[in-house]
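All values reported here derive from a predicted model rather than from experimental measurement. A, B, ... follow the sequence lines: proteins, then strands. Residue 1 opens every chain.
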Number of protein chains: 2
Amino acid sequence: MSRNTTRQEIVAAADDLFYRQGFDHTSYAHIADAVGISRGNFYHHFKTKDEILAAVIEKRVADRVAMMERWEIAGATPEKRILSFIDILTVNGDKIMQYGCPVGTLTSELAKLNHAARGEANRLFGVFRSWLARQFAAAGCEETQADQLAMHLLMRSQGVATLLNASHDTQFAAREIELMREWVGAALAPIGDRARSGKAA
Amino acid sequence: MSRNTTRQEIVAAADDLFYRQGFDHTSYAHIADAVGISRGNFYHHFKTKDEILAAVIEKRVADRVAMMERWEIAGATPEKRILSFIDILTVNGDKIMQYGCPVGTLTSELAKLNHAARGEANRLFGVFRSWLARQFAAAGCEETQADQLAMHLLMRSQGVATLLNASHDTQFAAREIELMREWVGAALAPIGDRARSGKAA
DNA sequence: ACCGAATTAGGACGATCGACCTAATCTCGG
DNA sequence: CCGAGATTAGGTCGATCGTCCTAATTCGGT
């Protein structure tokens with residue numbers, strides 16, 4: 001129990017610091033101080049920095065999978081579930097403005113460091129990609145197109161996050177979020193009837 | 001002369017290393033080795049790491065301003081000039097896939113480091129934003145809308161760069177680039193006649 | 001040819017990095 | 001209640017960080 005608690009505290013603190021300061025710029029000392037433990041204790045739980053990174057990525061994946069499961073329950077239709085995804089930009093607007101997207105900035109940093117965990121971090125995009133594609137497919141899209149629409153939406157959310165982080169232009173973000181919502185509606189409009197009848201059947 | 005040469009070599013090497021490895025992860029030693037000079041010589045030209053960063057940002061801004069001036073000359077119409085911007089994604093596709101967008105990744109990193117040069121780095125976006133807005137305005141768009149269209153295009157290019165860097169999915173990139181080109185055409189279509197007559201007048 | 005300034009080389013500094021180790025403390029089943 | 005294993009604290013290691021310094025070398029003007 002104590003093991004789990006301390007370990008989870010470390011991962012949570014590392015997750016937060018990696019997000020706010022970046023992985024490379026965050027040291028053992030930073031994390032240990034944030035948790036309030038010694039570096040030796042830290043080393044007992046994670047032998048290398050890469051192990052912490054792996055645990056943090058695992059937690060981020062799990063957190064997002066859990067979030068999408070909540071959307072799956074709360075959203076009555078695929079379209080509403082997709083809009084839940086877009087809502088992240090609104091809900092986390094302030095953090096994104098300060099630190100960027102937790103997914104995009106991590107993968108970018110690991111790409112530059114040419115870090116071994118690159119592939120694992122890209123799984124973060126993968127879970128969003130496949131979940132969104134499943135929603136588009138559930139709305140009646142053919143599978144290949146569903147994946148393309150998922151990627152398009154991911155692309156727009158990444159672009160908005162990057163530019164909001166750089167420009168701090170909240171009006172821009174609000175405008176683009178609205179355009180994104182309209183785009184979802186337009187993308188699903190031609191197949192709306194088919195999707196509804198399929199759902200009713 | 002010699003001063004300029006060495007200095008320029010340092011800035012060029014730093015620019016390259018900051019792009020490929022990130023600012024924080026690149027040390028004096030890295031840059032000095034790349035140029036083939038001693039750290040002491042290095043320190044003669046730049047007293048602090050922040051000074052190098054400022055010089056690199058200045059160079060990146062100048063490079064991009066020069067690039068846009070070339071587009072201005074080569075592109076007969078505003079639409080063609082805007083398409084030149086989109087072409088960066090194709091021309092630099094391989095580098096973007098490896099290291100991301102030089103503009104977006106730098107601003108993201110500096111945001112996380114909460115670095116003093118944050119604002120300067122954001123000027124990189126600013127030059128693209130104002131140049132693109134000028135093109136849309138020249139094509140007949142009202143000024144406010146021209147800026148919004150510029151930001152929308154910047155957003156899409158950033159999103160594509162981030163996702164291409166993460167996923168290495170070149171088909172996705174090619175598809176989105178084509179969609180971007182179509183979007184430009186559609187955005188300018190309603191005002192095409194007005195823009196042409198204005199140009200002829 | 002010569003001198004002052006610009007340039008270059010390379011060593012040294014305190015701090016901090018990731019990593020490792022030992023020893024003290026805590027926890028809990030037998 | 002005690003001893004083994006889990007947990008924690010804190011010191012230490014070599015490497016590297018950004019920065020600073022001095023001394024050697026090169027260069028340009030007179």
Side-chain angles (χ1 to χ4, degrees), chain A residues 1-58 106 109-110 112-118 120-121, chain B residues 1-58 106 109-110 112-118 120-121:
Chain A
M1 176 188 61
S2 174
R3 170 198 289 157
N4 275 348
T5 298
T6 302
R7 207 191 134 92
Q8 285 169 7
E9 281 180 21
I10 291 174
V11 174
D15 187 7
D16 183 54
L17 287 172
F18 287 175
Y19 176 43
R20 295 198 340 254
Q21 315 188 10
F23 166 70
D24 197 55
H25 194 65
T26 302
S27 68
Y28 271 48
H30 282 138
I31 306 172
D33 283 357
V35 182
I37 60 174
S38 65
R39 277 145 293 132
N41 186 2
F42 195 110
Y43 187 75
H44 171 71
H45 291 280
F46 297 96
K47 284 179 225 322
T48 68
K49 205 182 174 185
D50 293 354
E51 279 188 25
I52 317 166
L53 176 60
V56 167
I57 293 176
E58 213 53 50
L106 180 65
E109 182 180 2
L110 296 185
K112 284 205 198 267
L113 300 179
N114 201 19
H115 195 284
R118 260 188 92 163
E120 287 303 304
Chain B
M1 178 187 61
S2 173
R3 171 199 287 157
N4 275 348
T5 298
T6 302
R7 207 192 133 92
Q8 283 169 10
E9 279 180 23
I10 292 174
V11 174
D15 186 7
D16 183 52
L17 287 172
F18 287 175
Y19 176 43
R20 294 194 346 249
Q21 315 186 13
F23 167 71
D24 197 54
H25 194 64
T26 302
S27 68
Y28 270 48
H30 282 137
I31 306 172
D33 283 356
V35 181
I37 61 173
S38 65
R39 278 144 292 133
N41 187 1
F42 194 109
Y43 185 73
H44 172 71
H45 291 279
F46 297 97
K47 283 179 226 323
T48 68
K49 205 181 175 185
D50 293 354
E51 279 188 25
I52 317 166
L53 176 60
V56 167
I57 293 174
E58 213 53 51
L106 180 65
E109 183 180 0
L110 296 185
K112 284 205 197 271
L113 300 179
N114 200 20
H115 195 284
R118 260 189 92 165
E120 287 304 303

Value in whole Å for how far the [atom2] atom of [N] lies from [atom1] of [X]:
X: His44(B); N: dT22(D); atom1: NE2; atom2: C1'; value: 15 Å
X: His45(A); N: dA9(D); atom1: NE2; atom2: P; value: 9 Å
X: Phe42(A); N: dT12(D); atom1: CZ; atom2: P; value: 22 Å
X: His30(B); N: dT19(D); atom1: NE2; atom2: P; value: 16 Å
X: Asp33(B); N: dT8(C); atom1: CG; atom2: P; value: 16 Å
X: Ile31(A); N: dC17(C); atom1: CD1; atom2: P; value: 11 Å
X: Ile37(A); N: dT25(C); atom1: CD1; atom2: C1'; value: 15 Å
X: His25(A); N: dT16(C); atom1: NE2; atom2: P; value: 12 Å

Task: Donor on one side chain, acceptor on other, His115(B) and Asp24(B), under 3.5 Å - done: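 Asp24(B) and His115(B) do not have a side-chain donor-acceptor pair below 3.5 Å.
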- [ ] Could you tell me whether the side chain of Glu109(A) and the main chain of Phe23(A) form a donor-acceptor pair under 3.5 Å?
- [x]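 Pair found, side chain donor or acceptor close to backbone of Phe23(A).
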Open item on the list: Please give me the minimum heavy-atom distance between Leu53(B) and Ala117(B), naming the atom from each residue.
Closed with: CD2-CB, 3.8 Å
Hey, does the side chain of [X] come within less than 4.0 Å of [N]'s phosphate (OP1/OP2), counting only N and O?
X: Tyr28(B); N: dT19(D); answer: yes
X: Thr6(A); N: dT7(D); answer: no
X: Thr48(B); N: dG18(D); answer: no

Look at the side chain of [X] and decide which nucleotide, out of [options], has an atom nearest to it.
X: Tyr43(A); options: dC21(C), dT8(D), dT8(C); result: dC21(C)
X: Asn41(A); options: dT19(D), dA9(C), dT8(D); result: dT8(D)
X: Arg39(B); options: dG11(C), dT8(D), dG18(D); result: dG11(C)
X: Ser27(B); options: dG18(C), dC17(D), dT8(C); result: dC17(D)
X: Ser38(A); options: dT7(D), dA9(D), dG18(D); result: dA9(D)

Open item on the list: Please verify the inter-ring angle class for His30(B) with His25(B); under 30° counts as parallel, over 60° as perpendicular, anything in between as tilted.
Closed with: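 Rings of His30(B) and His25(B): tilted, 30 to 60°.
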Task: Heavy-atom side-chain contact between Ile10(A) and Asn41(A) under 4.5 Å - done: no
